[in-house]
There are 2 protein chains.
Amino acid sequence: MIKEERQRLIIEKLNRDQKINLVELSQLLHVSYDSIRRDVIELEDKGLLKKVHGGAVANSYLSFKTTQGFGIDNQEVLHLTRKAQKLFENHQTILMDGGTTNFHIAEQFPKNLELTVITNSLPLAIVLNEHPKIETILLGGTYHKRYQITVGTQAMRQLEHLRVDLYLMGFNGLDPNVGVTLRNYEESVLKQKMAKSAKKVAICAITEKIHTIETYKVCDLHEIGFLVTSLKPSDPSLNDFRNKGIEII
Amino acid sequence: MIKEERQRLIIEKLNRDQKINLVELSQLLHVSYDSIRRDVIELEDKGLLKKVHGGAVANSYLSFKTTQGFGIDNQEVLHLTRKAQKLFENHQTILMDGGTTNFHIAEQFPKNLELTVITNSLPLAIVLNEHPKIETILLGGTYHKRYQITVGTQAMRQLEHLRVDLYLMGFNGLDPNVGVTLRNYEESVLKQKMAKSAKKVAICAITEKIHTIETYKVCDLHEIGFLVTSLKPSDPSLNDFRNKGIEII
DNA sequence: AAATATCTTGCAAAAAAATGCAAAAAAAAG
DNA sequence: CTTTTTTTTGCATTTTTTTGCAAGATATTT
C-alpha cells in the first residue's frame, strides 16, 4: 500500500472517530508502527491533525469550547496561520486585534512561546488561557457585542502608553492602490491608532481579500511591514506589494 | 485509550452532569484513579473545569450554568441573586467585578433592563451579550487567567475617569469588626479603588461568608451601603451590620 | 476524636516516541 | 535495461512520557 493511500485512510478514520491510536492503526493497515508514526508527523506538518502521545486527534479537539463560531476548517486559513508563526519570537510584545484569522494564529502558538500579547479581543484572551507562557493584556473600552472586542476612546487612551514590537492587524480589504480597508468605521479608527503604537505592522491575507476594497480606509501600504499570504512570495500578482517594500511571507 | 480521548470524555460528561467524581470516572474508563486525577489537573490548567475535593465542576464561562456544584448551596445562591435584582433600576451605571455570585446576578437580569455595566470580568461581559439593552464597558489591564478578570495599574487608571451609581463588590470574607476581606492581594487593591469610584457599594453574601475573615482587607463596613443576604432583614445575627448603617436586603 | 475518603509525592515499570542506521523499493538517469 | 539516486521502510537503541502503586498527609464525615 502506498503512503498516500495510508494517509487518506488515517484522515478518514480520524474524521469518523475523532481520534486514532498508532499501534492499533499499524496492525489494521499491516505496516510497521514507524511508518504510521511518520505518516502522522507528515499530516501534522500539513496541519491536518494534532499528534499526541499514543496517537493523534482531530485538529481543534479540546479547544472546541473556545472555537465555537470560529471552527471553520478552511484549508487556506490553516496554511496561512501556520506561515504566520514565523513572525513571532520569544520575549516580544505583540498587539493583536479581533477577527478569526488572528484567533487561529493565536490558537496555534507553540506552547513554549513566551510573548506578551495585547489585545482588544475577548475570544483571543480566552484562547490564550491555554498558553501558560503568554502574558495577556486586555484593552478596556466599550464592549462591542457582535465582534466581541472593545472599542472607543478608552481603548485609544490606553494605547497611548504602549509601544509594541509588532501589530498583527485584521482587516477586510487589501488593494495595491487604496491600501488596507475595513467595513466598520469605529474599528478603522482604532486600528489606525494601533498601527502607530507598533514598530512594525503585519497583515495576514487569504487570497480572497487581496484586491478587495471596503468602505473605510485604515492605512496606506507603506505602513505595512509584512504580508503573510498562501501564495508563493515570488507570485507576480504580489509585485505591487513587494515594490512598496512589504516583506512577503 | 489515549489521554486526549479520556479528557474529551471527561469534559463531555462534565457538560452533561455539571459535576464529576474521580473514583466513579476511574471505574467507568477503566484506568487508575491517579490517571484521572492527573487528567483533571491538566484540564484545570487549561481552564476547562474546576477541581474540587472528590471531583470537578464545570468552570468555563460558556457552561457557567453550574448552579449545582460541590459544597455550594445553590438554592441559597439562587435566592440571593433573585433578591439582588432589587438593587437595579433603569438607566443606572453599575460597576461589577468577577466571581460566580456576580455572574449569576448578571445572568438573571431582566431582558428589558437598561443599564450600563462596567466590569473587569470577561465571563460577565460575555454573559451580558444576551442582554441587548445593557451596554458593557470593559476595564483593560493585565489578564488574570485563573479568575478571568483584568487587574493592574491600567485598570486602576481607567477607573479614575469613572463615577458610577453602584458598585456590586465580590468578596471572600465579611466580619462585623474587620470588614470586607479577600484572598488575593492584587484584587483587593483594585476593589478599594472601585469602591471609591462608586456612590454606593453593595455586597451579596451567602451565609457561609458572614463572620469569615480572609488575608487582605478591602474596606470597612461603613463603606458598604447594601448587604444582600438570604437571611431575614430582622435576623439578630445581622444587628452588627444594621447598626453600622448598612441597609439589609 | 475516630473513621473514612481523598490528596499528594516519589518511584519504578511499562508504553510510546525519537534517533540513527541499513535494507528494500521506487524513481530517475544514463 | 542497467545503474544511480532518492525515498520508504523496518529494526535496534536511547530517551521521554505515561501509568499505577504505596505511604504519608490532608480533608471530610460520623
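The analysis underlying the following values was restricted to heavy atoms, covering all of them including side chains, and did not include hydrogens, waters or symmetry mates. Each chain gets a letter, A, B and so on, in the order the sequences are listed, and its residues count up from 1. The structure displayed is predicted, hence computed values, not measured ones.
- Rounded to whole Å, the distance from CD1 on B:I36 to P on D:dC21 is 14 Å.
- Atoms CD (B:E5) and P (C:dA16) sit 15 Å apart, rounded to a whole Å.
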(message) Within the 4.0 Å limit for protein heavy atoms, which parts of nucleotides 9-16 of chain D are touched? Write it as a string from 5' to 3', B for base, S for sugar-phosphate only, - for none.
(response) BBB-----

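- Each salt bridge (charged side-chain N to carboxylate O under 4.0 Å, His left out) pair with one or both residues in residues 214-229 of chain B, not counting sequence neighbours, appears once here: B:R183-B:E214, B:K217-B:D220.
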(message) Would A:I126 and B:Y143 count as a side chain to side chain contact (heavy atoms under 4.5 Å, CB included) here? Give the steps.
(response) CA-CA 10 Å; A:I126 308 259; B:Y143 178 55; 4.3 Å; yes

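- Partners of A:F241 according to the ring-ring contact (aromatic ring centres under 6.0 Å, His included) rule, which considers only residues two or more places apart in sequence or in another chain, do not exist here.
- With sequence neighbours excluded, the residues that form a ring-ring contact (aromatic ring centres under 6.0 Å, His included) with B:Y147 are B:H144.
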Show me the side-chain donor-acceptor pairs of residues 228-235 of chain B shorter than 3.5 Å, one per line, residues at least two apart or across chains.
| residue | atom | partner | partner atom | Å |
| --- | --- | --- | --- | --- |
| B:T229 | OG1 | B:L231 | N | 2.9 |
| B:S230 | OG | B:E76 | OE2 | 2.7 |
| B:D235 | OD1 | B:S237 | N | 2.9 |
| B:D235 | OD1 | B:S237 | OG | 2.9 |

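- The NZ atom of A:K51 sits 11 Å away from the P atom of D:dT18 (whole-angstrom rounding).
- Atom-to-atom, CD of B:Q27 to P of D:dG20 comes out at 14 Å; the value is rounded to the nearest Å.
- Distances shorter than 4.0 Å separate none of the side-chain N or O atoms of B:R37 from OP1 or OP2 on C:dT6.
- For the pair A:E44 CD and C:dA18 C1', the interatomic distance rounds to 14 Å; values are reported in whole Å.
- Checked against salt bridge (charged side-chain N to carboxylate O under 4.0 Å, His left out), B:K3 has the following partners two or more places apart in sequence or in another chain: B:E42.
- The CG-P distance, from B:L22 to D:dA27, rounds to 16 Å in whole Å.
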